[in-house]
Amino acid sequence: MRKLALSDEILLQIEKPARYIGNEVNMVVKDPSQVSVRYAMCFPDVYEIGMSHLGIQILYDMFNRREDVYCERVYSPWVDLDRLMRKHHIPLFTLETQEPVKNFDFLGITLQYEMCYTNILQILDLSGIPLKAADRTEDDPIVIGGGPCAYNPEPVADFFDLFYLGEGETANNQLLDLYIENKKSGGSRRAFLEKAAEIDCIYVPQFYEVHYHEDGTIKERIVVNPHAKETVRKEIVTDFDTAPYPEKPLVPFIKVTQDRCVLEIQRGCIRGCRFCQAGSVYKPLREKNLEKLKELAKNMLEATGYEEISLSSLSSSDYSELSGLLDFLLDECKKKKINISLPSLRIDSFSLDVMSKVQDVKKSSITFAPEAGTQRMRNVINKGLTQEDILNGCRQAFQGGWNKVKLYFMLGQPTETEEDVDGIMDLCEEIAELYYDTVPKEKRNGKCQITASTSFFVPKPFTPFQWAPMCSAEVFLEKARRVNDKRKTLHNQKSIQYKWHESDISVLEGLLARGDRRLSETLLYVYQKGGIYDAWSEFHNQKLWEEAFEATNVNLDFYVTRKREETEILPWDFIDTGVTKAFLLKEWRRALNGQVTPNCRIQCSGCGAAGFGGGICHES
């Protein structure tokens, strides 16, 4: 019987104690004394968010298949427990054995969202691990970062011993083997880091120096250790059918964000949306075999007891065997009364037919992501969606019985004009009118309900828009107010609801997305003054960040609103994602000219991803 790290007295004082006790369905139990490596896998956000992350479920399953490795989990303590842990000097612990994280060999932290960076420092601090890698000793775990934000690791580089670039199913086993070998031979922490730095996808920040010009831009990056390399190349899974995937995923005791089985049907995307980092860094598209998916779906549902299964993909409609998969799932799930969730579908007659079979049409809504209000703007971002596509999809949905439509847009994208901003509500009005023109009065299920939501454009590394300027918080809000004012003038305004994001947090996301090593001092300042859970608006303290900018000499305009020159050395230029900088630059210029680039199935654009030797690039 394991002993819980938190006493009953503590558990009774906190919200949702089930976040911290572990022992969930399908949790792996091992004897820690019988393994060579203990790995604490961390998601730096609250349990409900972290437990919904597919990447951690995959690596947890993969690592624990090894007899010599015990992978356990740790999440950010919520603010109530955070206070109590500090007050009572309770070290941060893993859920499986309830033992202190500091006792582990590795602490692997997923970098999913820039606004979780202060929570990374919370994890390290509560674990008793020095915040800066340079201050760690032989007694501290190796702190490793991975995930989408690791494609620009520089703002948090000082806090990590190493970063793993790319998909974790490939070189992680090699990394663990190196660690075991180094440990057996009595090698030091530095000796391990030097051996790790020789792996193509591993980046050890302390083995590099960055020098700057007087204007603040990067002058050069210098390799200062002979084991390190000039370029770090991402890893990808080329044989997607044999890649590890959890057939017995963890099932939490409390409701989490994604409370269902998740079936990853493909990885990558054929679409070339110019704002989308995931579509770029996960290239090339790789599909999972239909029979393999059927087997996984059956096994996962049986092992979890979940009442819902969701297809995971950047664009599910592009999966070539989607019809066969859905036929199987509809049959299988109908027998067991299991719901099917179908995100990331393009709204066409096939998708609507499928959704009508799995949804209560009267209660559910149809979701589109036009991203922009005008066709000109959609061409600039290479959305691959025409006005006709949107209206035809809505018309078919209305004819099928739907009367609720959700529309997602982005404000502040490159070259955006006032006409483009106004176009958001023009499109909403056109769709509302389409409903009343299409559906006879006697067949209407109430009035049309359109919900338009706008996020604010954040330029991301390894996209064609990585050179683009970003709007200030004030300009973002001006654009949102313009959209809202336009809504009030519409004939169908009562049928249209408008929501927008907070601009301050979007600007900070932009700062951290394209920032460099100098921002580590800013993050440290914010954390040491009490800043955590910045991804949660109720805890975000904008004044504290502004104070930090002044204290650490950060010019927000330099990082956020400034347009990058095409010749500038970018903080992430040393990383090779397969997609070449030359291709991204070509796409940036095509965007400025409003030119559309076909998707990968229509025509290869020579992005460079074919160099990985797999996926759609090599389909016959």
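Every heavy atom of this structure was used, including side-chain atoms; hydrogens, water molecules and symmetry mates were not. One-based numbering along the sequence shown.
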**Item:** Derivation and outcome, side chain to side chain contact (heavy atoms under 4.5 Å, CB included), residues Thr231 and Ile575
**Value:** CA-CA 6 Å; Thr231 302; Ile575 297 171; over 6 Å; no

**Request:** Check the pair Ser605 / Phe583 against side chain to side chain contact (heavy atoms under 4.5 Å, CB included), numbers first and verdict last.
**Result:** CA-CA 8 Å; Ser605 298; Phe583 172 77; 3.7 Å; yes

**Request:** Run the numbers on Asn225 and Leu193 for side chain to side chain contact (heavy atoms under 4.5 Å, CB included), then give the verdict.
**Result:** CA-CA 11 Å; Asn225 187 292; Leu193 292 176; over 6 Å; no

**Request:** Test side-chain hydrogen bond (donor to acceptor under 3.5 Å, both in side chains) on Ser76 and Gln122 and set out the steps.
**Result:** CA-CA 8 Å; Ser76 283; Gln122 176 211 29; 3.0 Å; yes

**Message:** I'd like to know whether Asp534 forms a side-chain hydrogen bond (donor to acceptor under 3.5 Å, both in side chains) with Thr118, so could you lay out the CA-CA distance, the side-chain angles of the two residues, the decisive distance to 0.1 Å, and finally the verdict.
**Reply:** CA-CA 7 Å; Asp534 280 291; Thr118 46; 2.9 Å; yes

**Message:** Could you walk me through whether Arg2 and Glu99 satisfy the salt bridge (Lys or Arg N to Asp or Glu O under 4.0 Å) test, starting with their C-alpha distance in whole Å, then the side-chain angles of each, then the deciding distance to 0.1 Å, before giving a yes or no?
**Reply:** CA-CA 10 Å; Arg2 66 190 186 129; Glu99 291 186 21; over 6 Å; no

**Request:** Could you check Tyr527 against Asp125 for side-chain hydrogen bond (donor to acceptor under 3.5 Å, both in side chains), going step by step and ending with a plain yes or no?
**Result:** CA-CA 10 Å; Tyr527 174 71; Asp125 195 13; 2.7 Å; yes

**Prompt:** Which is it for Phe63 and Ile58 under the side chain to side chain contact (heavy atoms under 4.5 Å, CB included) test, yes or no, and what are the steps along the way?
**Reply:** CA-CA 9 Å; Phe63 285 174; Ile58 291 172; over 6 Å; no

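Salt bridge status for Lys248 with Glu302: absent, with no side-chain N to carboxylate O gap under 4.0 Å. A salt bridge does not link Lys184 to Glu181: none of the charged side-chain nitrogens sits closer than 4.0 Å to a carboxylate oxygen. A salt bridge is defined here as a Lys NZ or Arg NE, NH1 or NH2 lying under 4.0 Å from an Asp or Glu carboxylate O, and Glu114 with Lys460 meets this definition. One finds a salt bridge joining Arg601 and Glu287 here, because a Lys/Arg side-chain nitrogen approaches an Asp/Glu carboxylate oxygen to under 4.0 Å. A salt bridge links Arg189 with Asp161; the closest basic N to acidic carboxylate O contact falls under 4.0 Å. Here Arg66 pairs with Asp68 in a salt bridge; the nearest charged N to carboxylate O distance falls below 4.0 Å. Remark: Glu167 engages Arg267 in a salt bridge, criterion side-chain N to carboxylate O under 4.0 Å.
Without hydrogens or angle criteria, Ser313 side chain to Ser315 main chain gives a donor-acceptor distance under 3.5 Å. Although no hydrogens or angles enter the test, the distance criterion places no donor-acceptor pair under 3.5 Å between the side chain of Lys283 and the main chain of Ala278. A distance-only check finds a donor-acceptor pair linking the side chain of Asn152 to the backbone of Ala513 [under 3.5 Å]. No donor-acceptor pair under 3.5 Å is formed between the side chain of Ser280 and the backbone N or O of Gln277. Under a 3.5 Å cut-off, the side chain of Glu332 and the backbone N or O of Lys298 do not form any donor-acceptor pair. When atom types are taken as modelled, the side chain of Glu308 and the backbone of Asn339 share no donor-acceptor pair closer than 3.5 angstrom. Between the side chain of Ser317 and the backbone N or O of Arg346, at least one donor-acceptor pair lies under 3.5 Å. In this structure, Tyr306 contributes its side chain and Met300 its backbone to no donor-acceptor pair below 3.5 Å. With hydrogens and angles disregarded, a donor-acceptor distance shorter than 3.5 Å links the side chain of Asp105 to the backbone of Arg38. Checking side-chain atoms of Gln98 against main-chain N and O of Leu95 turns up a donor-acceptor pair under 3.5 Å.
For the pair Phe462/Trp572, a side-chain contact is recorded, criterion being any heavy-atom separation below 4.5 Å from C-beta on. Side chains of Gln603 and Thr597 form no contact here, defined as non-hydrogen atoms less than 4.5 Å apart. Between Lys234 and Tyr151 there is a side-chain heavy-atom pair separated by less than 4.5 Å. Side-chain atoms of Leu121 and Phe159, non-hydrogen and from C-beta on, do get closer than 4.5 Å to each other. Looking at Ile129 and Arg136, their side chains come closer than 4.5 Å, going by heavy atoms from C-beta outward. Side-chain atoms of Val232 and Tyr208, non-hydrogen and from C-beta on, do get closer than 4.5 Å to each other. Two residues are said to be in side-chain contact when any heavy atoms from C-beta on lie closer than 4.5 Å; Phe106 and Val37 meet this criterion. Tyr164 is listed as a side-chain neighbour of Thr170, based on a closest heavy-atom distance under 4.5 Å.
Within 6.0 Å of the CD atom in Glu307, the count of heavy atoms belonging to other residues, nucleotides or ligands does not exceed 12. Annotation for Lys336: atom NZ counts as buried by contact number, over 12 foreign heavy atoms lying within 6.0 Å. Applying the 6.0 Å contact sphere to CD of Glu15 captures more than 12 heavy atoms from other residues, nucleotides or ligands. Taking a 6.0 Å sphere around NZ of Lys183, one finds it holds more than 12 heavy atoms contributed by other residues, nucleotides or ligands.
For the residue pair Phe160 and Ala133, the shortest heavy atom distance occurs at O-CB, 3.5 Å. Nearest heavy-atom pair across Pro571 and Arg221 is O-NH1, 4.2 Å.
Ser312 and Glu264 share no side-chain donor-acceptor pair at under 3.5 Å. In the model, Thr97 has a side-chain atom that pairs as donor or acceptor with a side-chain atom of Glu72 under 3.5 Å.
Under a cutoff of 6.0 Å and an axis angle of 45°, Arg190 and Phe207 do not form a cation-pi pair.
Atom OG of residue Ser310 and atom CG of residue Asp259 lie 12.0 Å apart, to the nearest 0.5 angstrom. Between Leu314 atom CG and Ile270 atom CD1 the span is 11.5 Å, to the nearest 0.5 Å. Considering CG of Leu126 and CZ of Phe93, their distance stands at 10.0 Å, rounded to 0.5 Å. The distance from atom CG of Asn103 to atom OG1 of Thr94, rounded to the nearest 0.5 Å, is 9.5 Å. If you take CD1 on Ile265 and OG on Ser320, they are separated by 9.5 Å, rounding to the nearest 0.5 Å. Between the CG atom in Leu293 and the CD atom in Gln266 there is a gap of 9.5 Å [rounded to 0.5 Å].
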Which atom pairs, one a donor and one an acceptor, fall under 3.5 Å between side chains of residues 42-50 and the rest of the protein, sequence neighbours left out?
{"unit_1": "Asp45", "atom_1": "OD1", "unit_2": "Trp536", "atom_2": "NE1", "d": "3.0"}
{"unit_1": "Tyr47", "atom_1": "OH", "unit_2": "Glu24", "atom_2": "OE2", "d": "2.6"}
{"unit_1": "Glu48", "atom_1": "OE1", "unit_2": "Arg19", "atom_2": "NE", "d": "3.0"}
{"unit_1": "Glu48", "atom_1": "OE2", "unit_2": "Lys16", "atom_2": "NZ", "d": "3.0"}
{"unit_1": "Glu48", "atom_1": "OE2", "unit_2": "Arg19", "atom_2": "NE", "d": "3.3"}
{"unit_1": "Glu48", "atom_1": "OE2", "unit_2": "Arg19", "atom_2": "NH2", "d": "3.0"}

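Taking the six-membered ring for Trp and the full ring otherwise, the centers of Phe192 and Tyr179 sit less than 6.0 Å from each other.
Taking Lys581 as the reference, Asp573 meet the salt bridge (Lys or Arg N to Asp or Glu O under 4.0 Å) condition, with sequence neighbours excluded. Under the rule for a side chain to side chain contact (heavy atoms under 4.5 Å, CB included), the partners of Ala297 that lie at least two apart in sequence or sit in another chain are Leu263, Ile309, Phe328, Leu329.
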